[in-house]
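Worksheet: the structure to be examined is printed underneath.
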Amino acid sequence: MNNFTTPELIDEVKNLISYSISNKNLESSNFQLMHRAIVKKYFEAKNVQINYDEQTIELQLPVGHKKYTNITFECMDLERFLQSCLKKDEKSIFFYETILSHYNITSAA
């Protein structure tokens with residue numbers, strides 16, 4: 001795959017988030033799907049919906065075995081929020097490599 005170190009990988013995903021927020025209306029990009037996937041992964045949530053106009057995120061958070069609660073919250077800065085959802089554990093790193101591969105972000109090495 002790519003030869004990124006973990007800090008470089010996280011930086012590349014942050015750059016992709018920045019780009020995707022400023023270009024979220026590109027039809028073919030599926031950036032909104034990526035944004036929802038990042039939130040789902042971070043919170044282990046389901047049914048994530050992002051309202052870009054109102055800057056709100058609606059999701060279902062796990063509160064017990066197969067039990068979820070609905071949460072809606074406002075994001076003053078969606079880009080910074082999404083970037084703050086990035087984790088450095090092994091499963092997350094593999095997930096981010098997959099995202100970068102999907103968007104054809106390659107190492108300059």
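Here, residue 1 is the first one in the sequence, and each next residue gets the next number. Atom set for the values below is all heavy atoms of this structure, side chains included, hydrogens, waters and symmetry mates excluded.
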Cut-off 3.5 Å, no hydrogens considered: what does the side-chain donor-acceptor table look like for residues 78-86, sequence neighbours left out?
unit_1, atom_1, unit_2, atom_2, d
E79, OE2, S18, OG, 2.6
Q83, NE2, K14, O, 3.0
Q83, NE2, S18, OG, 3.1
S84, OG, F81, O, 2.6

Show which side-chain atoms of residues 57-74 pair as donor or acceptor with protein atoms under 3.5 Å away, not counting sequence neighbours.
unit_1, atom_1, unit_2, atom_2, d
Q60, OE1, N47, ND2, 2.4
Q60, NE2, N70, OD1, 3.0

Residues in side chain to side chain contact (heavy atoms under 4.5 Å, CB included) contact with N15, at least two apart in sequence or another chain: E12

When you compare the side chain of L100 with that of E97, does any pair of heavy atoms fall below 4.5 Å? no

Does Q55 reach the side chain of I50, with side-chain heavy atoms less than 4.5 Å apart? no

Could you pull out the closest heavy-atom pair between N23 and F31, with the gap in Å? O-CD1, 3.6 Å

Here the gap from S20 atom OG to L33 atom CG, rounded to the nearest 0.5 Å, amounts to 11.5 Å

To the closest 0.5 Å, what do you measure between CZ (R36) and CD (Q49)? 5.5 Å

Which pairs of donor and acceptor atoms, one on a side chain in residues 87-94, lie under 3.5 Å apart (sequence neighbours left out)?
unit_1, atom_1, unit_2, atom_2, d
D89, OD1, S92, OG, 2.7
D89, OD2, K91, N, 3.4
D89, OD2, S92, N, 3.2
D89, OD2, S92, OG, 3.3

Donor-acceptor pair, E54 side chain versus N51 backbone, under 3.5 Å? no

